[in-house]
A.B. asks: 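Can you read through this structure? Questions will come right after.
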Protein chains: 2
Amino acid sequence: MTIANPSTSDDLGSAAQRERRKRILDATYELAKSGGFDAVQMRAVAEQADVALGTLYRYFPSKIHLLVSALGRQFEDASARLNERDIPGDTQAERVLYVLKRMARGMQGDPKLTEALTRAFMFADSSVTNEIHVVGMAMTTIVTHAMHGGVPDEGALTDEDVAIARVIGDVWLSALVAWVTGRSTAAETAAHMETAVGLILRD
Amino acid sequence: MTIANPSTSDDLGSAAQRERRKRILDATYELAKSGGFDAVQMRAVAEQADVALGTLYRYFPSKIHLLVSALGRQFEDASARLNERDIPGDTQAERVLYVLKRMARGMQGDPKLTEALTRAFMFADSSVTNEIHVVGMAMTTIVTHAMHGGVPDEGALTDEDVAIARVIGDVWLSALVAWVTGRSTAAETAAHMETAVGLILRD
DNA sequence: AAACGTGGTGGAACGTGTTCCAAATTATGC
DNA sequence: GCATAATTTGGAACACGTTCCACCACGTTT
(Lines give C-alpha, C1' and ligand atoms only; values in the text may rest on other atoms or scores of the structure.)
Protein backbone atom coordinates (compact mmCIF):
# COMPACT_ATOMS: atom_id res chain seq x y z
CA MET A 1 0.00 0.00 0.00
CA THR A 2 1.26 3.42 -0.90
CA ILE A 3 0.64 6.32 1.42
CA ALA A 4 1.25 8.95 -1.21
CA ASN A 5 -1.28 11.74 -1.14
CA PRO A 6 -1.10 13.76 -4.32
CA SER A 7 -2.40 16.90 -2.64
CA THR A 8 0.11 17.24 0.16
CA SER A 9 3.10 15.20 -0.81
CA ASP A 10 6.10 17.13 -2.01
CA ASP A 11 6.34 14.68 -4.84
CA LEU A 12 3.86 16.05 -7.29
CA GLY A 13 3.39 12.75 -9.06
CA SER A 14 3.18 12.03 -12.73
CA ALA A 15 2.28 14.54 -15.36
CA ALA A 16 -1.18 13.01 -15.54
CA GLN A 17 -1.62 13.54 -11.83
CA ARG A 18 -0.45 17.12 -11.98
CA GLU A 19 -2.84 17.64 -14.83
CA ARG A 20 -5.73 16.14 -12.85
CA ARG A 21 -4.92 18.24 -9.85
CA LYS A 22 -4.95 21.36 -11.97
CA ARG A 23 -8.25 20.41 -13.59
CA ILE A 24 -9.77 19.91 -10.16
CA LEU A 25 -8.56 23.27 -8.85
CA ASP A 26 -9.73 24.97 -12.03
CA ALA A 27 -13.17 23.42 -11.71
CA THR A 28 -13.30 24.48 -8.08
CA TYR A 29 -12.35 27.99 -9.05
CA GLU A 30 -15.00 28.19 -11.76
CA LEU A 31 -17.78 26.85 -9.59
CA ALA A 32 -16.82 29.06 -6.66
CA LYS A 33 -16.65 32.08 -8.90
CA SER A 34 -20.11 31.59 -10.34
CA GLY A 35 -22.00 30.22 -7.36
CA GLY A 36 -20.02 30.60 -4.16
CA PHE A 37 -19.48 28.10 -1.39
CA ASP A 38 -22.72 26.19 -1.92
CA ALA A 39 -22.09 25.75 -5.62
CA VAL A 40 -18.81 24.00 -5.00
CA GLN A 41 -20.42 20.59 -4.69
CA MET A 42 -18.08 17.68 -4.71
CA ARG A 43 -20.07 15.81 -7.36
CA ALA A 44 -20.12 18.93 -9.54
CA VAL A 45 -16.40 19.52 -9.13
CA ALA A 46 -15.69 15.90 -10.01
CA GLU A 47 -17.86 16.04 -13.07
CA GLN A 48 -16.48 19.34 -14.33
CA ALA A 49 -12.91 18.21 -13.73
CA ASP A 50 -13.76 14.93 -15.43
CA VAL A 51 -12.63 12.70 -12.59
CA ALA A 52 -14.55 10.25 -10.45
CA LEU A 53 -15.79 11.32 -7.05
CA GLY A 54 -13.45 8.88 -5.35
CA THR A 55 -10.51 10.38 -7.23
CA LEU A 56 -11.45 13.86 -6.16
CA TYR A 57 -11.38 12.69 -2.55
CA ARG A 58 -8.06 11.05 -3.11
CA TYR A 59 -6.55 14.34 -4.19
CA PHE A 60 -8.35 16.52 -1.64
CA PRO A 61 -9.65 14.79 1.46
CA SER A 62 -12.50 17.25 2.00
CA LYS A 63 -14.31 20.16 0.48
CA ILE A 64 -12.50 22.43 2.90
CA HIS A 65 -9.07 21.18 1.82
CA LEU A 66 -10.10 21.68 -1.75
CA LEU A 67 -11.26 25.25 -1.27
CA VAL A 68 -8.36 26.26 0.92
CA SER A 69 -5.95 24.87 -1.64
CA ALA A 70 -7.66 26.94 -4.27
CA LEU A 71 -7.39 29.96 -1.98
CA GLY A 72 -3.71 29.27 -1.54
CA ARG A 73 -3.12 29.29 -5.26
CA GLN A 74 -4.99 32.58 -5.55
CA PHE A 75 -3.04 34.19 -2.76
CA GLU A 76 0.30 33.08 -4.03
CA ASP A 77 -0.52 34.53 -7.41
CA ALA A 78 -1.68 37.79 -5.86
CA SER A 79 1.35 37.96 -3.64
CA ALA A 80 3.71 37.36 -6.54
CA ARG A 81 2.02 40.02 -8.64
CA LEU A 82 2.04 42.59 -5.86
CA ASN A 83 5.58 41.94 -4.78
CA GLU A 84 7.18 42.45 -8.14
CA ARG A 85 6.34 46.11 -8.24
CA ASP A 86 7.03 48.98 -5.89
CA ILE A 87 4.29 50.11 -3.57
CA PRO A 88 3.28 53.77 -3.77
CA GLY A 89 2.85 55.80 -0.59
CA ASP A 90 5.03 57.85 1.72
CA THR A 91 4.26 56.15 5.02
CA GLN A 92 3.92 52.57 6.08
CA ALA A 93 0.24 53.12 6.74
CA GLU A 94 -0.34 54.52 3.26
CA ARG A 95 1.47 51.69 1.56
CA VAL A 96 -0.26 49.01 3.58
CA LEU A 97 -3.63 50.55 2.91
CA TYR A 98 -2.75 50.70 -0.74
CA VAL A 99 -2.22 46.96 -1.01
CA LEU A 100 -5.18 46.15 1.21
CA LYS A 101 -7.47 48.26 -0.92
CA ARG A 102 -6.07 46.70 -4.02
CA MET A 103 -6.80 43.24 -2.69
CA ALA A 104 -10.21 44.32 -1.48
CA ARG A 105 -11.05 45.59 -4.93
CA GLY A 106 -10.04 42.30 -6.42
CA MET A 107 -12.17 40.39 -3.99
CA GLN A 108 -15.18 42.63 -4.42
CA GLY A 109 -14.99 41.95 -8.11
CA ASP A 110 -15.51 38.29 -7.39
CA PRO A 111 -17.77 38.21 -4.35
CA LYS A 112 -18.91 34.60 -4.80
CA LEU A 113 -15.38 33.36 -5.11
CA THR A 114 -14.34 35.36 -2.09
CA GLU A 115 -17.25 34.03 -0.11
CA ALA A 116 -16.40 30.46 -0.93
CA LEU A 117 -12.75 30.75 -0.09
CA THR A 118 -13.24 32.78 3.07
CA ARG A 119 -15.84 30.39 4.41
CA ALA A 120 -13.54 27.49 3.80
CA PHE A 121 -10.68 29.28 5.50
CA MET A 122 -12.78 30.00 8.57
CA PHE A 123 -14.01 26.45 8.80
CA ALA A 124 -10.68 24.74 8.40
CA ASP A 125 -9.49 22.60 11.27
CA SER A 126 -6.03 21.39 12.14
CA SER A 127 -5.98 18.87 9.31
CA VAL A 128 -5.73 21.82 6.96
CA THR A 129 -2.80 23.45 8.75
CA ASN A 130 -0.42 23.11 5.83
CA GLU A 131 -2.75 24.67 3.32
CA ILE A 132 -3.69 27.44 5.75
CA HIS A 133 -0.08 28.20 6.40
CA VAL A 134 0.48 28.90 2.74
CA VAL A 135 -2.23 31.52 2.85
CA GLY A 136 -1.02 33.07 6.11
CA MET A 137 2.53 33.37 4.82
CA ALA A 138 1.37 34.99 1.61
CA MET A 139 -0.67 37.52 3.56
CA THR A 140 2.19 38.32 5.90
CA THR A 141 4.55 38.70 2.97
CA ILE A 142 2.21 41.07 1.23
CA VAL A 143 1.87 43.30 4.27
CA THR A 144 5.53 43.37 5.24
CA HIS A 145 6.46 44.03 1.66
CA ALA A 146 4.14 47.00 1.66
CA MET A 147 5.49 48.23 4.97
CA HIS A 148 8.96 48.32 3.50
CA GLY A 149 7.87 50.04 0.36
CA GLY A 150 8.77 47.27 -2.00
CA VAL A 151 12.40 46.90 -1.03
CA PRO A 152 13.17 43.22 -1.35
CA ASP A 153 15.57 43.32 1.58
CA GLU A 154 14.21 40.41 3.56
CA GLY A 155 16.93 40.72 6.15
CA ALA A 156 15.34 43.90 7.44
CA LEU A 157 12.28 42.05 8.72
CA THR A 158 12.18 42.51 12.45
CA ASP A 159 10.02 40.45 14.76
CA GLU A 160 7.90 43.51 15.31
CA ASP A 161 7.31 43.88 11.59
CA VAL A 162 6.00 40.37 11.43
CA ALA A 163 3.88 40.86 14.54
CA ILE A 164 2.36 43.99 13.04
CA ALA A 165 1.69 42.24 9.78
CA ARG A 166 -0.05 39.43 11.59
CA VAL A 167 -2.26 41.78 13.55
CA ILE A 168 -3.24 43.57 10.38
CA GLY A 169 -3.91 40.25 8.76
CA ASP A 170 -6.20 39.32 11.64
CA VAL A 171 -8.22 42.49 11.38
CA TRP A 172 -8.40 42.06 7.66
CA LEU A 173 -9.71 38.54 8.06
CA SER A 174 -12.37 39.53 10.55
CA ALA A 175 -13.46 42.37 8.32
CA LEU A 176 -13.51 40.04 5.36
CA VAL A 177 -15.72 37.60 7.18
CA ALA A 178 -18.13 40.36 8.12
CA TRP A 179 -18.27 41.51 4.52
CA VAL A 180 -18.57 38.02 3.06
CA THR A 181 -21.39 37.08 5.37
CA GLY A 182 -23.25 40.24 4.50
CA ARG A 183 -22.91 41.79 7.91
CA SER A 184 -21.03 44.87 6.71
CA THR A 185 -20.75 46.73 3.43
CA ALA A 186 -17.62 47.16 1.37
CA ALA A 187 -17.42 50.79 2.41
CA GLU A 188 -17.69 49.95 6.08
CA THR A 189 -15.03 47.33 5.67
CA ALA A 190 -12.69 49.79 3.99
CA ALA A 191 -13.28 52.39 6.67
CA HIS A 192 -12.65 49.86 9.39
CA MET A 193 -9.38 48.81 7.80
CA GLU A 194 -8.28 52.43 7.58
CA THR A 195 -9.00 52.91 11.24
CA ALA A 196 -7.17 49.76 12.20
CA VAL A 197 -4.10 50.44 10.11
CA GLY A 198 -4.02 54.01 11.37
CA LEU A 199 -4.05 52.75 14.93
CA ILE A 200 -1.44 50.09 14.43
CA LEU A 201 0.96 51.96 12.15
CA ARG A 202 1.40 55.37 13.72
CA ASP A 203 4.65 56.56 12.23
CA MET B 1 -51.35 33.21 9.53
CA THR B 2 -49.13 34.43 12.32
CA ILE B 3 -45.66 35.59 11.47
CA ALA B 4 -44.43 35.36 15.03
CA ASN B 5 -41.06 33.77 15.36
CA PRO B 6 -40.44 32.75 18.95
CA SER B 7 -36.70 33.15 18.62
CA THR B 8 -36.50 36.72 17.39
CA SER B 9 -39.74 38.35 18.29
CA ASP B 10 -39.66 40.72 21.20
CA ASP B 11 -42.77 39.08 22.45
CA LEU B 12 -41.39 36.05 24.18
CA GLY B 13 -44.63 34.13 23.97
CA SER B 14 -46.30 32.02 26.58
CA ALA B 15 -44.59 30.54 29.58
CA ALA B 16 -44.59 27.17 27.86
CA GLN B 17 -42.82 28.68 24.88
CA ARG B 18 -40.23 30.41 27.00
CA GLU B 19 -39.71 27.13 28.79
CA ARG B 20 -39.24 25.26 25.50
CA ARG B 21 -36.83 27.85 24.25
CA LYS B 22 -34.77 27.52 27.38
CA ARG B 23 -34.78 23.71 27.19
CA ILE B 24 -33.55 23.93 23.61
CA LEU B 25 -30.73 26.32 24.45
CA ASP B 26 -29.78 24.20 27.45
CA ALA B 27 -29.67 21.07 25.33
CA THR B 28 -27.56 22.90 22.76
CA TYR B 29 -25.20 24.01 25.47
CA GLU B 30 -24.83 20.52 26.91
CA LEU B 31 -24.23 18.88 23.57
CA ALA B 32 -21.77 21.55 22.48
CA LYS B 33 -19.93 21.31 25.75
CA SER B 34 -19.45 17.58 25.55
CA GLY B 35 -18.96 17.05 21.84
CA GLY B 36 -18.41 20.33 20.05
CA PHE B 37 -19.90 21.54 16.80
CA ASP B 38 -20.43 18.11 15.30
CA ALA B 39 -22.23 16.81 18.37
CA VAL B 40 -24.84 19.52 18.16
CA GLN B 41 -27.05 17.55 15.82
CA MET B 42 -30.50 18.90 15.30
CA ARG B 43 -32.14 15.53 15.97
CA ALA B 44 -30.12 15.17 19.16
CA VAL B 45 -30.96 18.66 20.35
CA ALA B 46 -34.64 18.04 19.68
CA GLU B 47 -34.60 14.77 21.53
CA GLN B 48 -32.69 16.10 24.52
CA ALA B 49 -34.90 19.18 24.73
CA ASP B 50 -37.92 16.92 24.37
CA VAL B 51 -39.40 18.70 21.40
CA ALA B 52 -40.09 17.53 17.88
CA LEU B 53 -37.64 18.32 15.13
CA GLY B 54 -40.15 20.57 13.43
CA THR B 55 -40.61 22.50 16.64
CA LEU B 56 -36.90 23.01 17.01
CA TYR B 57 -36.81 24.51 13.53
CA ARG B 58 -39.75 26.72 14.37
CA TYR B 59 -37.80 28.22 17.26
CA PHE B 60 -34.43 28.38 15.52
CA PRO B 61 -34.42 28.34 11.74
CA SER B 62 -31.01 26.71 11.45
CA LYS B 63 -28.23 25.10 13.41
CA ILE B 64 -26.23 28.28 13.04
CA HIS B 65 -28.99 30.44 14.50
CA LEU B 66 -29.26 28.00 17.34
CA LEU B 67 -25.58 28.02 18.18
CA VAL B 68 -25.14 31.75 17.77
CA SER B 69 -28.09 32.31 20.08
CA ALA B 70 -26.44 30.06 22.63
CA LEU B 71 -23.23 32.03 22.16
CA GLY B 72 -25.12 35.25 22.72
CA ARG B 73 -26.50 34.00 26.01
CA GLN B 74 -23.01 33.00 27.10
CA PHE B 75 -21.50 36.32 26.15
CA GLU B 76 -24.16 38.37 27.82
CA ASP B 77 -23.65 36.42 31.00
CA ALA B 78 -19.88 36.85 30.81
CA SER B 79 -20.21 40.52 30.03
CA ALA B 80 -22.57 41.08 32.94
CA ARG B 81 -20.28 39.24 35.33
CA LEU B 82 -17.19 41.13 34.18
CA ASN B 83 -18.80 44.52 34.15
CA GLU B 84 -20.06 44.46 37.68
CA ARG B 85 -16.59 44.51 39.16
CA ASP B 86 -13.64 46.84 38.73
CA ILE B 87 -10.85 45.79 36.42
CA PRO B 88 -7.35 45.63 37.93
CA GLY B 89 -4.42 47.14 36.08
CA ASP B 90 -2.75 50.53 35.80
CA THR B 91 -2.84 51.02 32.07
CA GLN B 92 -5.47 50.44 29.45
CA ALA B 93 -3.36 47.69 27.95
CA GLU B 94 -3.04 45.89 31.29
CA ARG B 95 -6.73 46.04 31.99
CA VAL B 96 -7.73 44.91 28.53
CA LEU B 97 -5.30 42.04 28.69
CA TYR B 98 -6.69 41.15 32.07
CA VAL B 99 -10.21 40.65 30.76
CA LEU B 100 -9.05 38.97 27.59
CA LYS B 101 -7.01 36.48 29.56
CA ARG B 102 -9.90 35.90 31.86
CA MET B 103 -12.19 35.14 28.96
CA ALA B 104 -9.55 33.01 27.33
CA ARG B 105 -9.22 30.96 30.48
CA GLY B 106 -12.94 30.42 30.57
CA MET B 107 -13.00 29.29 26.98
CA GLN B 108 -10.01 27.02 27.35
CA GLY B 109 -11.84 25.31 30.16
CA ASP B 110 -14.56 24.36 27.70
CA PRO B 111 -12.78 23.84 24.43
CA LYS B 112 -15.58 21.87 22.76
CA LEU B 113 -18.14 24.46 23.63
CA THR B 114 -15.87 27.21 22.40
CA GLU B 115 -15.25 25.36 19.18
CA ALA B 116 -18.94 24.90 18.52
CA LEU B 117 -19.86 28.48 19.19
CA THR B 118 -16.91 29.98 17.34
CA ARG B 119 -17.53 27.86 14.28
CA ALA B 120 -21.13 28.90 14.22
CA PHE B 121 -20.15 32.54 14.57
CA MET B 122 -17.75 32.31 11.67
CA PHE B 123 -20.25 30.59 9.45
CA ALA B 124 -23.16 32.90 10.11
CA ASP B 125 -24.54 34.77 7.13
CA SER B 126 -26.67 37.90 7.01
CA SER B 127 -29.77 36.07 8.23
CA VAL B 128 -28.07 35.84 11.60
CA THR B 129 -27.21 39.53 11.82
CA ASN B 130 -29.37 40.16 14.88
CA GLU B 131 -27.91 37.32 16.90
CA ILE B 132 -24.38 38.23 15.83
CA HIS B 133 -24.92 41.82 16.81
CA VAL B 134 -25.68 40.76 20.36
CA VAL B 135 -22.32 39.07 20.56
CA GLY B 136 -20.42 41.91 18.95
CA MET B 137 -21.93 44.44 21.32
CA ALA B 138 -21.10 42.34 24.33
CA MET B 139 -17.50 42.03 23.19
CA THR B 140 -17.16 45.75 22.53
CA THR B 141 -18.71 46.52 25.89
CA ILE B 142 -16.30 44.22 27.67
CA VAL B 143 -13.26 45.81 26.04
CA THR B 144 -14.32 49.43 26.45
CA HIS B 145 -15.27 48.73 30.04
CA ALA B 146 -11.79 47.37 30.63
CA MET B 147 -10.18 50.33 28.89
CA HIS B 148 -11.92 52.68 31.28
CA GLY B 149 -11.05 50.68 34.30
CA GLY B 150 -14.54 49.76 35.29
CA VAL B 151 -15.95 53.24 35.48
CA PRO B 152 -19.55 52.95 34.32
CA ASP B 153 -19.45 56.37 32.73
CA GLU B 154 -20.78 55.48 29.31
CA GLY B 155 -20.75 59.10 28.20
CA ALA B 156 -16.96 59.01 28.05
CA LEU B 157 -16.96 56.56 25.17
CA THR B 158 -15.31 58.27 22.23
CA ASP B 159 -15.47 57.03 18.68
CA GLU B 160 -11.86 56.12 18.94
CA ASP B 161 -12.51 54.00 22.00
CA VAL B 162 -15.08 52.02 20.11
CA ALA B 163 -12.83 51.71 17.08
CA ILE B 164 -10.02 50.41 19.26
CA ALA B 165 -12.33 47.96 20.94
CA ARG B 166 -13.49 46.68 17.60
CA VAL B 167 -9.95 46.19 16.33
CA ILE B 168 -9.05 44.29 19.47
CA GLY B 169 -12.20 42.24 19.08
CA ASP B 170 -11.18 41.40 15.53
CA VAL B 171 -7.74 40.23 16.52
CA TRP B 172 -9.24 38.27 19.34
CA LEU B 173 -11.66 36.56 17.00
CA SER B 174 -8.96 35.62 14.52
CA ALA B 175 -6.79 34.29 17.33
CA LEU B 176 -9.74 32.38 18.70
CA VAL B 177 -10.41 30.79 15.34
CA ALA B 178 -6.79 29.75 15.05
CA TRP B 179 -6.90 28.23 18.50
CA VAL B 180 -10.26 26.55 18.02
CA THR B 181 -9.22 24.98 14.77
CA GLY B 182 -6.05 23.66 16.34
CA ARG B 183 -3.72 25.85 14.36
CA SER B 184 -2.21 27.59 17.35
CA THR B 185 -1.78 26.72 20.99
CA ALA B 186 -3.28 28.56 23.92
CA ALA B 187 0.13 30.00 24.76
CA GLU B 188 0.67 31.26 21.24
CA THR B 189 -2.77 32.80 21.26
CA ALA B 190 -2.07 34.58 24.53
CA ALA B 191 1.27 35.88 23.28
CA HIS B 192 -0.30 37.09 20.08
CA MET B 193 -2.98 38.96 21.99
CA GLU B 194 -0.36 40.60 24.17
CA THR B 195 1.51 41.77 21.12
CA ALA B 196 -1.61 43.10 19.48
CA VAL B 197 -2.89 44.93 22.54
CA GLY B 198 0.57 46.34 23.14
CA LEU B 199 0.63 47.70 19.61
CA ILE B 200 -2.85 49.13 19.67
CA LEU B 201 -2.90 50.55 23.17
CA ARG B 202 0.39 52.39 23.59
CA ASP B 203 -0.35 54.77 26.42
C1' DA C 1 -70.37 22.31 24.26
C1' DA C 2 -68.92 22.71 19.40
C1' DA C 3 -66.01 24.65 15.95
C1' DC C 4 -61.83 26.81 15.01
C1' DG C 5 -57.04 28.08 14.82
C1' DT C 6 -52.42 27.94 16.49
C1' DG C 7 -48.69 25.40 17.52
C1' DG C 8 -46.67 20.75 18.52
C1' DT C 9 -45.71 15.86 17.05
C1' DG C 10 -43.81 12.00 14.56
C1' DG C 11 -41.79 10.69 10.80
C1' DA C 12 -40.86 10.46 5.84
C1' DA C 13 -38.09 12.44 2.34
C1' DC C 14 -34.49 15.18 0.03
C1' DG C 15 -29.73 17.21 -0.80
C1' DT C 16 -25.03 17.14 -0.28
C1' DG C 17 -20.53 15.76 2.04
C1' DT C 18 -18.28 11.58 2.77
C1' DT C 19 -17.16 6.60 2.65
C1' DC C 20 -16.73 2.28 0.51
C1' DC C 21 -16.14 -1.29 -2.97
C1' DA C 22 -15.59 -4.17 -7.07
C1' DA C 23 -14.27 -3.74 -11.66
C1' DA C 24 -11.55 -1.40 -15.21
C1' DT C 25 -7.50 1.05 -16.42
C1' DT C 26 -2.85 2.56 -16.15
C1' DA C 27 1.92 2.37 -14.51
C1' DT C 28 5.97 -0.23 -13.06
C1' DG C 29 9.47 -3.89 -12.62
C1' DC C 30 11.33 -7.76 -14.91
C1' DG D 1 5.24 -8.29 -23.31
C1' DC D 2 3.73 -10.00 -18.85
C1' DA D 3 2.77 -10.02 -14.05
C1' DT D 4 1.87 -7.22 -10.48
C1' DA D 5 0.86 -3.08 -8.08
C1' DA D 6 -1.25 1.35 -7.98
C1' DT D 7 -4.78 4.34 -9.48
C1' DT D 8 -9.14 5.55 -11.42
C1' DT D 9 -13.88 4.67 -12.22
C1' DG D 10 -18.90 4.33 -11.46
C1' DG D 11 -22.02 4.05 -8.33
C1' DA D 12 -24.21 2.51 -4.04
C1' DA D 13 -24.70 3.70 0.65
C1' DC D 14 -24.65 6.47 4.84
C1' DA D 15 -25.01 10.78 7.91
C1' DC D 16 -26.91 14.91 9.07
C1' DG D 17 -29.14 19.53 8.00
C1' DT D 18 -33.35 20.80 6.31
C1' DT D 19 -38.14 20.60 4.51
C1' DC D 20 -42.66 18.93 4.47
C1' DC D 21 -46.96 16.97 5.78
C1' DA D 22 -50.79 14.68 8.00
C1' DC D 23 -52.48 14.47 12.34
C1' DC D 24 -53.10 15.66 17.30
C1' DA D 25 -53.72 18.83 21.59
C1' DC D 26 -55.19 22.70 23.59
C1' DG D 27 -56.93 27.28 24.32
C1' DT D 28 -60.41 30.68 22.43
C1' DT D 29 -64.69 32.20 20.42
C1' DT D 30 -69.38 31.92 20.00
A.B. asks: Which whole-number value in Å describes the distance from Q17(A) CD to dA27(C) P?
C.D. replies: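 It is 9 Å, rounded to the nearest whole Å.
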
A.B. asks: Using atom CD of E19(A) as one end and atom C1' of dT26(C) as the other, report the distance to the nearest whole Å.
C.D. replies: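 From E19(A) CD to dT26(C) C1': 16 Å.
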
A.B. asks: Collect all protein-nucleotide pairs involving nucleotides 17-27 of chain D in which both atoms are nitrogen or oxygen and the distance is under 3.5 Å.
C.D. replies:
from: dG17(D); atom 1: OP1; to: V40(B); atom 2: O; distance (Å): 3.4
from: dG17(D); atom 1: OP1; to: K63(B); atom 2: NZ; distance (Å): 2.9
from: dG17(D); atom 1: OP2; to: M42(B); atom 2: N; distance (Å): 3.0
from: dG17(D); atom 1: N7; to: R43(B); atom 2: NH1; distance (Å): 2.8
from: dG17(D); atom 1: O6; to: R43(B); atom 2: NH2; distance (Å): 2.8
from: dT18(D); atom 1: OP2; to: Y57(B); atom 2: OH; distance (Å): 3.1
from: dT18(D); atom 1: OP2; to: K63(B); atom 2: N; distance (Å): 2.9
from: dT18(D); atom 1: O5'; to: Y57(B); atom 2: OH; distance (Å): 3.4
from: dT18(D); atom 1: O4; to: R43(B); atom 2: NH2; distance (Å): 3.0

A.B. asks: Parallel, tilted or perpendicular, judged at 30° and 60°: which one describes the rings of F123(B) and F123(A)?
C.D. replies: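 F123(B) and F123(A): tilted rings.
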
A.B. asks: Under the side chain to side chain contact (heavy atoms under 4.5 Å, CB included) test against V68(B), which residue among L117(B), V128(B), N130(B) passes?
C.D. replies: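 Single pass found, and it is V128(B).
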
A.B. asks: Would you kindly say whether S79(B) and T141(B) are connected by a side-chain donor-acceptor distance under 3.5 Å?
C.D. replies: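 Looking only at side-chain atoms, T141(B) and S79(B) do not form any donor-acceptor pair under 3.5 Å.
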
A.B. asks: Quick one: D50(B) CG to dT9(C) P, roughly how many Å, whole number?
C.D. replies: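 Atom-to-atom, D50(B) to dT9(C), this comes out as 7 Å.
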
A.B. asks: Any side-chain donor paired with an acceptor under 3.5 Å for T195(A) and H192(A)?
C.D. replies: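 No pair is found: no donor N or O on one side chain lies under 3.5 Å from an acceptor on the other.
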
A.B. asks: Mind calculating the distance between CG (L31(A)) and P (dG17(C)) to the nearest angstrom?
C.D. replies: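 My rounded result for the distance is 11 Å.
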
A.B. asks: Quick one: is Y59(B) getting a side-chain N or O under 4.0 Å of the dG8(C) phosphate, OP1 or OP2?
C.D. replies: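 Yes, Y59(B) has a side-chain N/O under 4.0 Å of OP1/OP2 on dG8(C).
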
A.B. asks: Can you tell me how far P of dT18(C) sits from CG of D125(A), to the nearest Å?
C.D. replies: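 It works out to 11 Å between those atoms.
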
A.B. asks: Rounding to an integer number of Å, can you tell me how far R20(A) CZ sits from dA6(D) P?
C.D. replies: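 My rounded result for the distance is 17 Å.
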
A.B. asks: The criterion is side chain to side chain contact (heavy atoms under 4.5 Å, CB included); which residues satisfy it with F75(B), sequence neighbours excluded?
C.D. replies: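 Listed in chain order: L71(B), M103(B), M107(B), V135(B), A138(B), M139(B), W172(B).
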
A.B. asks: Tell me: CD of E47(A) to P of dT8(D), nearest whole Å?
C.D. replies: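 Distance, rounded to whole Å: 19 Å.
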
A.B. asks: Does R183(A) count as lying over the ring of F121(B), i.e. NZ or CZ under 6.0 Å from the six-ring centre, within 45 degrees of the axis?
C.D. replies: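 That pair qualifies as a cation-pi contact.
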
